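Have a look at this one.
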Amino acid sequence: MIDRHILRNDPAAVKAGALRKGIDVSSSLDQWLSLDSQLRELKTSLQADQAEMNRISKSIGMLMGMGKKDEAEEAKSHTKVLKDRIAEGEGRERDLEAGLRDLELEFPNTPHASVPEGLDVENNVVVREWGEKPVYAENPKPHWEVADELNLLDLERGAKISGSGFAVYTGLGARLQRALFNWMIDVQSLEHGYREIFPPYLVNEASLLGTGQLPKFGEDLYKTNDGLYLIPTAEVPVTNLYRDEILPNEMLTAKLAAYSSCFRREAGAAGKDTRGLLRMHQFDKVELVKFARPEESYDELELLVKDAEVILQRLGIHYRVVLLCGGDMSFSNAKCYDLELWSPGVGKYLEISSCSNFGDFQARRLNVRFRRAQGEKPEFVHTLNGSGLATPRLFSAILETFQQPDGSVLVPELLRPYVGTDRISR
RNA sequence: GGAGAGGUCGCAUAGUGGUCUAGUGCGCCGCACUCGAAAUGCGGUGUGGGGCAACUCACCGUGGGUUCGAAUCCCACCCUCUCCGCCA
């Protein structure tokens, strides 16, 4: 959500920011401004009535205390009109507040000044590349073929026991999978200083409202009979840890890393990038989350991206870093980098991580604040997150990148202690 | 899942319809005393909002209700604790 003072005092900036994302908010913004001035006008008069009512009630109390029953009854009879007017005012106040909040949900976060202009992918900017596309004697196979030959995945039985979009990792495939997220959470927590979190996989509605999956994107979530939802990413439980709290200054920048399974219905996703492991209803991910001071958050974003990149560098997988243009960014983003790894078998760069700074947009919804010093007013923190990284595409990239002419796969050196072998073969 | 107890200003507690704009203790901040400190004394110490301001409104787990007036009474829900049952 955008700060009401900004909406009120600089609506032009909000309008321009939304346009950079290809969203026209002018009419809802005008509506907001009108409701806002109505609300403030109402509040002023309503509060005068409430103050008057409080005065009368207090005096009735005093009269009762002194035993002047008749005078108290007399005073009571005067409150009827006032009481009705207050009730009506409170009703209107509620309506106006609800109207304002509904409109506020339509205003996207304003892109940071460093975000490139443009509305589609061609306007994204590749800021750097690491490594090179590996060269193969023959056409490299896609990971589903490699995995099939080595018995690392059982997609058919996954479909049988759960449905399409659910993979069974088998044998060394299961072990490689476990090796990956074990190693990744170790790197982020032990080397990069993130506090390790193991969160609940089921969360309540308030948490999803806080991070913005609800009310708009409920269709993408699995919901239980108890009104709880399976998490689509560890971002949800982890970012909500400090919902409705005021953090001490010395706690910032707070860096948290969580491994979790993630569950997404993604109803309309079929058709694109769906083969093999590329789009799953259940997958595993190490998520990085930061709570930062506003003046430090953009530096922290750069560091967050680097923390995610380390994983690919150490594995030796070619990738590039893309700075998204306004139109390709999500609703609540202020600035976003995508990491895209090279998938030799698929022959494409695939998104493996999205690292975002939300500014105070998400914090305002979550009500996460911090206090610079005792006696100072609380301020909203900036929230950031990014994957570091998601395993299915990493798993598939390893199979594709390190496949050998004889059909085996070389295990990246640093994973060997975790996997227990240097080569996966028939 | 069953029975009981309870959710109050950072913490601990008081408050069961009207000077409660919530008392007290601890903590914290300021001042005094002191060479300095401790102890002591005095004052202050929540969040959000409206108003140029004086000032004012809302908030005692959440949401409703009764009343001129609700922390206090009524209803629903959430959470915590204790005991029982079940269980990895």
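Every chain is numbered from 1 and lettered A, B, ... according to where its sequence line falls, protein lines coming before strand lines. All values reported here derive from a predicted model rather than from experimental measurement.
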Determine the interatomic distance between P on B:G85 and the same-named atom on B:G15; round to the nearest Å.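 Those two atoms are separated by 35 Å.
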A:K160 to A:F166 six-membered ring, cation-pi geometry met (6.0 Å, 45°):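 Judged by the rule, A:K160 and A:F166 form no cation-pi pair.
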C1' atom, B:U66 versus B:C79: distance in rounded Å?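 Here B:U66 and B:C79 have their C1' atoms 26 Å from each other.
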Looking for any heavy atom pair under 4.0 Å, which part of the strands does A:I60 touch: base, sugar-phosphate only, or nothing?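 It contacts base atoms.
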State the CG-CG distance between A:L105 and A:L209, to the nearest 0.5 angstrom.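 That separation rounds to 9.0 Å.
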Pull out every protein N or O sitting under 3.5 Å from an N or O of nucleotides 73-76 of chain B, one pair per line with the distance.
none

Does a side-chain N-to-carboxylate-O contact under 4.0 Å join A:R40 and A:E93?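 No salt bridge links A:R40 with A:E93.
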Within the side chain of A:K255, is there an N or O that forms a donor-acceptor pair under 3.5 Å with the backbone of A:F291?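 No; judged by distance alone, with no hydrogens or angles, the pair does not exist.
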Carboxylate-amine/guanidinium contact A:K141 A:E149, below 4.0 Å: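 Yes, charged N to carboxylate O under 4.0 Å.
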Regarding A:S57, tell me which of base, sugar-phosphate or nothing describes its non-hydrogen contacts under 4.0 Å with the strands shown.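 Result for A:S57 = base.
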On a heavy-atom basis, which atom in A:H143 and which in A:G276 lie closest, and how many Å separate them?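 A:H143 and A:G276 have their closest heavy atoms at NE2-CA, 3.6 Å.
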Show each protein N/O and nucleotides 59-67 of chain B N/O combination with a separation under 3.5 Å, one pair to a line.
none

Between atom OG1 of A:T239 and atom CD of A:E287, what is the distance when rounded to the nearest 0.5 Å?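 Result: 7.5 Å between the selected atoms.
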Annotated protein contacts, base or backbone, on nucleotides 47-56 of chain B with a non-hydrogen cut-off under 4.0 Å, one of B, S, - each: SSBBS----B
What I want to find out is whether A:R101 reaches A:E104 closely enough, with some N-O distance under 4.0 Å, to be called a salt bridge.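 Answer for the salt bridge query: no.
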Assess the side chains of A:D284 and A:Q177: does a donor N or O sit below 3.5 Å from an acceptor N or O?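 Checked: A:D284/A:Q177 side chains pair up, N/O donor to acceptor below 3.5 Å.
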Are A:S330 and A:N333 linked by a side-chain donor-acceptor pair shorter than 3.5 Å?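 Yes.
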